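This report refers to the structure that appears directly beneath it.
The shown structure was predicted, so the numbers you read here are calculated from the model rather than taken from an experiment. These numbers come from the heavy atoms of this one structure, side chains and all, not from hydrogens, waters or symmetry mates.
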Amino acid sequence: MATTVRILAVLGVAYLAILAILFALQSSLIYPASQDVPPLTPGYSEVRLETDDGLSLRAFHQEADHGKPTVLYFHGNGGTLAGASVSNRAVVEAGLGVLLVEYRGYGGNPGEPSEDGFYLDAEAALQWLSDEGIAPSETVVTGNSIGGGVATFAAQVLADRGTPPAALILIAPFTSLPDVASQTFWWLPVRVFLNETFPNRERLGGLAQVPVLIQHGTIDNVIEDSHGKALARIPQVAEFQSFDGSGHALSFEQRSQEARRDWILALRVSDTR
């Protein structure tokens with residue numbers, strides 16, 4: 001009996017130690033920020049996004065052909081501007097504009113990554129588009145993986161202002177960060193100690209009038225496609241595209257990009273400048 005108690009005590013201490021370590025390291029686990037500073041992608045121009053808390057963030061912009069909308073793109077937590085360029089190659093080739101946002105703490109940008117910080121970065125991107133004369137009605141907000149959480153926030157900001165975006169596209173999204181974390185770490189009370197939430201399910205409920213496209217691979221082992229399917233049932237005008245045999249790198253695949261391109265062009269959004 002005494003031996004059993006000692007074993008249980010040791011296991012309990014080990015479990016609490018794991019909890020303490022994960023709590024302390026959660027930011028670095030959620031945001032494995034690459035510090036690589038990629039060269040400017042050919043065809044793009046380098047721009048600066050000025051945040052309300054005083055940061056100047058490097059970003060890439062590709063101007064739209066006349067009459068074409070602009071994609072505002074937020075990459076995943078392990079992404080870079082170079083990778084985001086690859087993810088939007090087919091979109092750019094079709095003449096659509098693209099603003100690739102690089103987050104604080106990523107790619108040589110100042111600041112530390114966080115959910116609230118990413119939201120400030122998104123607002124800086126929206127302000128930059130406004131300053132350039134690109135209206136929300138000409139903007140397709142797009143996010144990949146955790147970038148979907150930033151994209152839904154940006155779409156909500158525009159909708160709350162009475163100027164909703166032309167559309168919202170989510171690639172391999174989750175319903176919320178605690179939802180997906182609790183699946184990955186099912187043996188830990190992640191909902192208790194997780195600081196970040198990215199509540200996509202909640203936000204999409206308020207975007208019923210915004211056209212929404214959700215893409216998900218059937219063998220995504222990072223964020224199960226059940227998340228994308230659940231989100232697609234929320235908005236009244238959502239379309240779900242399933243990609244058989246695709247994993248979490250779906251955004252880089254040509255067929256994903258072409259499907260996004262075709263969906264955007266079918267919206268008949270025009271840049272009236």
Worksheet item: Do F252 and L96 belong together in a cluster built from hydrophobic side chains that touch within less than 4.5 Å?
Response: no
Worksheet entry | Worked check of side-chain contact (heavy atoms from CB on, under 4.5 Å) between S87 and Y73 | CA-CA 9 Å; S87 294; Y73 187 82; 3.5 Å; yes
Discussion item. Taking side-chain contact (heavy atoms from CB on, under 4.5 Å) as the criterion, tell me which of P164, P136, P165 meets it with V141.
Written reply: P165
Worksheet item: Taking the side chain from N109 and the backbone from G105, do they hold a donor-acceptor pair closer than 3.5 Å?
Response: no
Worksheet item: Judged by modelled atom types alone, do D53 and T51 share a side-chain donor-acceptor pair under 3.5 Å?
Response: yes
Worksheet item: Is a side-chain N or O of Q257 found less than 3.5 angstrom from the main chain of R89, in a donor-acceptor match?
Response: yes
Discussion item. Please say yes or no: joined through hydrophobic side-chain contacts below 4.5 Å, possibly via intermediate residues, are V71 and V86 part of one cluster?
Written reply: no
Discussion item. Nearest 0.5 Å, please: how far is CD in E93 from CD in E258?
Written reply: 9.0 Å
Discussion item. Let me confirm one number: the OG-CG distance from S251 to N88, rounded to the nearest 0.5 Å.
Written reply: 8.0 Å
Worksheet item: Between R48 and E46, is there a salt bridge with N-O shorter than 4.0 Å?
Response: yes
Item to complete: Group every Ile, Leu, Val, Met, Phe, Trp and Tyr by side-chain heavy-atom contacts under 4.5 Å, then state whether V47 and F74 land in the same group.
Response: yes
Worksheet item: Taking it one step at a time, do S242 and H216 satisfy side-chain contact (heavy atoms from CB on, under 4.5 Å)?
Response: CA-CA 5 Å; S242 181; H216 223 126; over 6 Å; no
Worksheet item: Which atoms form the tightest heavy-atom contact between F60 and S85, and what is the distance?
Response: CD1-OG, 4.1 Å
Worksheet item: Under 3.5 Å, side chain of D220 to main-chain N/O of V222, donor-acceptor pair present?
Response: yes
Worksheet item: With N200, which of L231, I234, T175 fulfils side-chain contact (heavy atoms from CB on, under 4.5 Å)?
Response: L231
Practice prompt. Please examine the side chains of D121 and L49, heavy atoms only from C-beta on, and report whether any two atoms are closer than 4.5 Å.
Written response: no
Worksheet, complete the sentence: Result for side-chain contact (heavy atoms from CB on, under 4.5 Å) between V210 and one of L204, T152, L168 points to L168
Worksheet item: What heavy-atom pair brings P32 and Y106 nearest, and what distance separates the two atoms?
Response: N-OH, 4.0 Å
Worksheet item: Okay, side chain of Y103, backbone of Y31: is any donor-acceptor separation there less than 3.5 Å?
Response: no
Practice prompt. Taking atom types as modelled, find out whether T218 and D225 have a side-chain donor-acceptor pair closer than 3.5 angstrom.
Written response: no
Fill in: Heavy-atom pair with the smallest gap, counting every atom of E138 and G133
OE1-O, 4.0 Å
Discussion item. For the CG atom of N77 and the CD1 atom of I146, what is their distance to the nearest 0.5 Å?
Written reply: 5.0 Å
Response to the item:
dist Q241:CD -> L250:CG (nearest 0.5 Å) comes out at 9.0 Å
Discussion item. Is the shortest side-chain heavy-atom distance between T41 and Q62 below 4.5 Å?
Written reply: no
Discussion item. Side chains of P38 and L81, heavy atoms from C-beta outward: is any pair under 4.5 Å?
Written reply: yes
Discussion item. Please evaluate residues H227 and V180 with respect to the criterion side-chain contact (heavy atoms from CB on, under 4.5 Å), reporting the C-alpha separation (whole Å), side-chain torsions for both, the decisive distance (0.1 Å), and the verdict.
Written reply: CA-CA 8 Å; H227 286 261; V180 72; 3.9 Å; yes
Worksheet entry | Verify same cluster id: V91, L267 (apolar side-chain graph, 4.5 Å) | yes
Worksheet item: Under 3.5 Å, is there a donor-acceptor pair linking the side chains of N144 and H75?
Response: no
Worksheet item: More than 12 foreign heavy atoms under 6.0 Å from CG of D131: is that the case here?
Response: yes
Item to complete: Would you name the heavy atoms of I223 and P173 that are closest together and state the gap between them?
Response: CG2-O, 3.2 Å
Fill in: Point-to-point distance, once rounded to the nearest 0.5 Å, from CD1 of I264 to CD1 of I169
4.0 Å
Worksheet item: Are any of the side-chain heavy atoms of L213 and E239 separated by less than 4.5 Å?
Response: yes
Worksheet item: Taking all non-hydrogen atoms of both residues, which atom of S246 and which atom of R255 are closest, and how far apart?
Response: OG-NH2, 2.6 Å
Worksheet item: Does a sphere of radius 6.0 Å around CD in E112 hold more than 12 heavy atoms from other residues, nucleotides or ligands, not counting ones at 6.0 Å or beyond?
Response: no
Fill in: D116 side, atom CG; F153 side, atom CZ - distance, nearest 0.5 Å
8.5 Å
Fill in: Donor-acceptor contact below 3.5 Å, side chain S130 vs main chain L126
no
Worksheet item: So do the side chains of V140 and T70 get within less than 4.5 Å of each other, counting heavy atoms only?
Response: no
Worksheet item: Where the side chain of S145 meets the backbone of G147, is there a donor-acceptor pair that is under 3.5 Å apart?
Response: no
Item to complete: Give the intermediate values and the outcome of side-chain contact (heavy atoms from CB on, under 4.5 Å) for residues V101 and V150.
Response: CA-CA 10 Å; V101 176; V150 190; over 6 Å; no
Discussion item. Check whether E115 reaches the backbone of F198 with its side chain - one donor and one acceptor, N or O, closer than 3.5 Å.
Written reply: yes
Fill in: A135 to T139 - nearest heavy-atom pair and separation
O-OG1, 2.8 Å
Worksheet entry | Single-linkage hydrophobic cluster L129~L120, side-chain heavy atoms < 4.5 angstrom | no
Discussion item. Show every salt bridge (Lys or Arg N to Asp or Glu O under 4.0 Å) that has at least one partner inside residues 150-172, sequence neighbours left out.
Written reply: none
Discussion item. Side chains of S114 and R104 only: does a donor on one sit below 3.5 Å from an acceptor on the other?
Written reply: no
Item to complete: Would you kindly say whether E123 and Y119 are connected by a side-chain donor-acceptor distance under 3.5 Å?
Response: no
Discussion item. Is it the case that the side chains of R260 and S256 hold a donor-acceptor pair, with the cut-off being a distance below 3.5 Å and no angle test?
Written reply: yes
Practice prompt. Check the surroundings of atom CD in E202: do more than 12 heavy atoms from other residues, nucleotides or ligands lie under 6.0 Å from it?
Written response: no
Practice prompt. May I ask you to decide if A94's main-chain N or O and K68's side chain share a donor-acceptor pair within less than 3.5 Å?
Written response: yes
Item to complete: Establish, from distance only, whether the side-chain atoms of Q183 and D179 form a donor-acceptor pair under 3.5 Å.
Response: no
Fill in: Note, P113 side chain near I30 side chain (heavy atom, < 4.5 Å)
no
